[in-house]
Amino acid sequence: GSSGGGGGGFGGAQGTQGGPQTFCCFFSVGFEASIAHHFTLLRQSRPKLCSSVLANKAWHFLYGAVELFSPKQYVSPADVELLVDGRPVHIPADCNTVQVFNIHSSADGVDFWGSGQASVKGELGEFS
């Protein structure tokens, strides 16, 4: 089975209509989620090992290296259905992760898509 992970603020912030809304910068199913899951278990069981940004990055690197050489099939098209605007998106048979972002960048500000666009002030205002 696949692991799910995500980051950046799940929360019950008040939306513009006054009701609670859930906010998530990204979520992941597969390879990256497995790394995040292992890191979370470490952080919960031995918090002193995860007490700095550098240590956290080192753990993510280590877990990533281990997962890179794992023979696991993280995402199976039979297990995961991806819909965008109500339309199915093909997931290749050799896919190892699916990540969904609603932010321009991740990993300390790396702009993976080369958009060169900064977030706009107030862009996420309805969730703050």
Are I35 and F39 close enough that some pair of their side-chain heavy atoms sits under 4.5 Å apart?
no

Please list all pairs meeting salt bridge (charged side-chain N to carboxylate O under 4.0 Å, His left out) that have one or both residues in residues 62-71, counting only residues at least two apart or in different chains.
E67-K72

Residue list, side chain to side chain contact (heavy atoms under 4.5 Å, CB included) with L41, at least two apart or on another chain:
H37, Q44

Donor-acceptor pair, distance only, cut-off 3.5 Å: does the side chain of T97 make one with the backbone of V29?
yes

Roughly how far apart are H60 NE2 and C50 SG, rounded to 0.5 Å?
8.0 Å

Result block: side-chain N/O donor-acceptor pairs under 3.5 angstrom for residues 81-89, not counting sequence neighbours:
none

Side chain of S34, backbone of F31: donor and acceptor closer than 3.5 Å?
no

Could you give the distance from NE2 (H90) to SG (C95), rounded to the nearest 0.5 Å?
9.0 Å

Atom of A55, atom of L49 and distance for their closest heavy-atom approach
CB-O, 3.7 Å

T40 OG1 to H38 NE2 distance, which is reported to the nearest 0.5 Å:
10.5 Å

